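Below you'll find the structure, written out as structure tokens, and then a few comments.
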Amino acid sequence: MVAARAERVPDRPAIPPAQSGVPPERLDDVRAFLDRLTRWATARGDIVGLLLVGSYARGAARPASDVDVVLLTTDPAPYVTGAWTSGDAGVDRAGELGLGRPVRTRAWGPVTERRFALARGPEVEFGIGTPQWARTDPVDPGTRRVVADGALPLYDPLGVLAELVPRCRP
């Protein structure tokens with residue numbers, strides 16, 4: 001557990017930041033989920049980035065807002081096909097994250113959306129892609145739109161998100 005926390009910046013503000021339109025209990029649920037997700041990612045060798053995007057990242061969430069996370073992996077297939085939610089080697093990986101039922105899967109260019117209804121709290125939308133999504137020379141216009149709308153790195157062991165985010169800000 002100490003190693004997982006070492007990947008995060010210890011003195012940064014709470015993720016996500018305060019949300020004036022979200023009840024404190026909902027914000028606590030979102031923060032708890034993001035903490036579980038970040039700890040889970042640090043234990044997986046294939047995940048090279050987690051990026052909170054959208055309304056929670058920019059501090060503008062409302063009670064009905066979903067949580068949007070870009071998950072960058074060297075092996076997107078298990079995440080896109082749903083194999084990670086049905087478990088491997090007897091481990092239900094989605095269960096350890098507290099994900100509820102899958103709501104939708106949809107391709108959006110270089111990422112595939114996997115949306116889940118959390119057992120407690122809002123829906124979570126994962127945009128699953130490869131590290132190429134975060135390339136900076138040049139930045140893909142779709143990536144730029146997503147990141148410019150609000151982005152906070154949750155897990156970035158290789159620094160790809162730290163390089164991407166400033167290049168997408170207006």
Side-chain angles (χ1 to χ4, degrees), residues 4-42 44 47-73 76 79 94 97-100 103-118 120-136 138-170:
R5 297 227 180 246
E7 295 293 342
R8 298 180 75 181
V9 179
D11 60 347
R12 76 177 180 196
I15 301 293
Q19 311 282 323
S20 62
V22 178
E25 302 80 25
R26 170 60 59 96
L27 189 55
D28 288 345
D29 289 344
V30 170
R31 286 181 175 152
F33 169 74
L34 293 174
D35 186 56
R36 279 193 314 274
L37 177 65
T38 302
R39 284 185 281 116
W40 172 82
T42 64
R44 302 204 40 85
I47 297 181
V48 297
L50 286 176
L51 184 67
L52 179 66
V53 297
S55 62
Y56 273 99
R58 68 177 178 274
R62 298 181 312 261
S65 293
D66 64 352
V67 177
D68 301 295
V69 177
V70 175
L71 184 153
L72 300 179
T73 175
Y79 304 97
L97 292 176
L99 295 177
V103 174
R104 156 172 84 220
T105 301
R106 185 174 9 184
W108 292 99
V111 297
T112 298
E113 169 193 350
R114 292 280 296 170
R115 181 177 286 271
F116 294 88
L118 288 179
R120 179 183 155 139
E123 287 189 354
V124 175
E125 178 182 319
F126 289 97
I128 301 159
T130 67
Q132 281 295 107
W133 180 87
R135 75 181 187 281
T136 58
V139 175
D140 176 80
T143 298
R144 183 179 303 280
R145 273 191 307 278
V146 168
V147 175
D149 191 41
L152 294 171
L154 300 172
Y155 176 65
D156 188 17
L158 304 177
V160 295
L161 300 173
E163 185 176 338
L164 173 68
V165 171
R167 290 181 184 227
C168 295
R169 294 219 166 107

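Please read these numbers as outputs of a predicted model, since none were measured by experiment.
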Can you confirm whether Arg36 is buried at CZ, in the sense that more than 12 heavy atoms of other residues, nucleotides or ligands lie under 6.0 Å from that atom?
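Atom CZ in Arg36 is packed in, count exceeds 12.
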Do other residues, nucleotides or ligands put more than 12 heavy atoms under 6.0 Å from the CZ atom of Arg104?
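Check passes, neighbour count above 12.
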Which residue is it: Asp29, Leu37, Val30? I am looking for the one with a side-chain contact (heavy atoms from CB on, under 4.5 Å) to Val67.
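With Val67 as partner, side-chain contact (heavy atoms from CB on, under 4.5 Å) holds for just one option, Val30.
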Sort out for me which residue in Val69, Leu72, Val111, Thr73 forms a side-chain contact (heavy atoms from CB on, under 4.5 Å) with Ile128.
Thr73
For [X] and [Y], which heavy atoms make the closest approach, and how far apart are they?
{"X": "Leu27", "Y": "Tyr56", "result": "CD1-CE2, 4.2 Å"}
{"X": "Pro122", "Y": "Ser65", "result": "CB-O, 3.4 Å"}
{"X": "Pro17", "Y": "Ala57", "result": "CG-O, 4.1 Å"}
{"X": "Val103", "Y": "Ala117", "result": "CG2-N, 3.6 Å"}
{"X": "Leu161", "Y": "Gly49", "result": "CD1-CA, 4.0 Å"}
{"X": "Leu34", "Y": "Leu154", "result": "CD2-CD1, 3.8 Å"}

Reported [atom1]-to-[atom2] distance for the pair [X] and [Y], which is rounded to 0.5 angstrom:
{"X": "Thr38", "Y": "Leu52", "atom1": "OG1", "atom2": "CG", "result": "9.0 Å"}
{"X": "Leu99", "Y": "Glu123", "atom1": "CG", "atom2": "CD", "result": "11.5 Å"}
{"X": "Trp40", "Y": "Phe33", "atom1": "CH2", "atom2": "CZ", "result": "9.0 Å"}
{"X": "Arg44", "Y": "Leu50", "atom1": "CZ", "atom2": "CG", "result": "11.0 Å"}

Would Asp68 and Phe126 count as a side chain to side chain contact (heavy atoms under 4.5 Å, CB included) if you check the C-alpha gap in whole Å, the side-chain angles of each, and the deciding distance to 0.1 Å?
CA-CA 6 Å; Asp68 301 295; Phe126 289 97; over 6 Å; no
Check whether [X] reaches the backbone of [Y] with its side chain - one donor and one acceptor, N or O, closer than 3.5 Å.
{"X": "Arg31", "Y": "Pro16", "value": "yes"}
{"X": "Arg144", "Y": "Arg167", "value": "yes"}
{"X": "Arg58", "Y": "Asp149", "value": "yes"}
{"X": "Asp156", "Y": "Val160", "value": "yes"}
{"X": "Arg26", "Y": "Pro63", "value": "yes"}
{"X": "Gln19", "Y": "Ala61", "value": "yes"}
{"X": "Glu125", "Y": "Phe116", "value": "no"}

Would Trp133 and Asp140 count as a side chain to side chain contact (heavy atoms under 4.5 Å, CB included) if you check the C-alpha gap in whole Å, the side-chain angles of each, and the deciding distance to 0.1 Å?
CA-CA 7 Å; Trp133 180 87; Asp140 176 80; 5.7 Å; no
When you check the gap from the basic side-chain N to the acidic O, do Asp35 and Arg39 get nearer than 4.0 Å?
yes
May I ask you to test the [X]-[Y] pair for a side-chain heavy-atom distance under 4.5 Å?
{"X": "Val124", "Y": "Asp66", "value": "no"}
{"X": "Cys168", "Y": "Val139", "value": "yes"}
{"X": "Leu164", "Y": "Val147", "value": "yes"}
{"X": "Tyr79", "Y": "Thr112", "value": "no"}
{"X": "Leu152", "Y": "Leu51", "value": "no"}

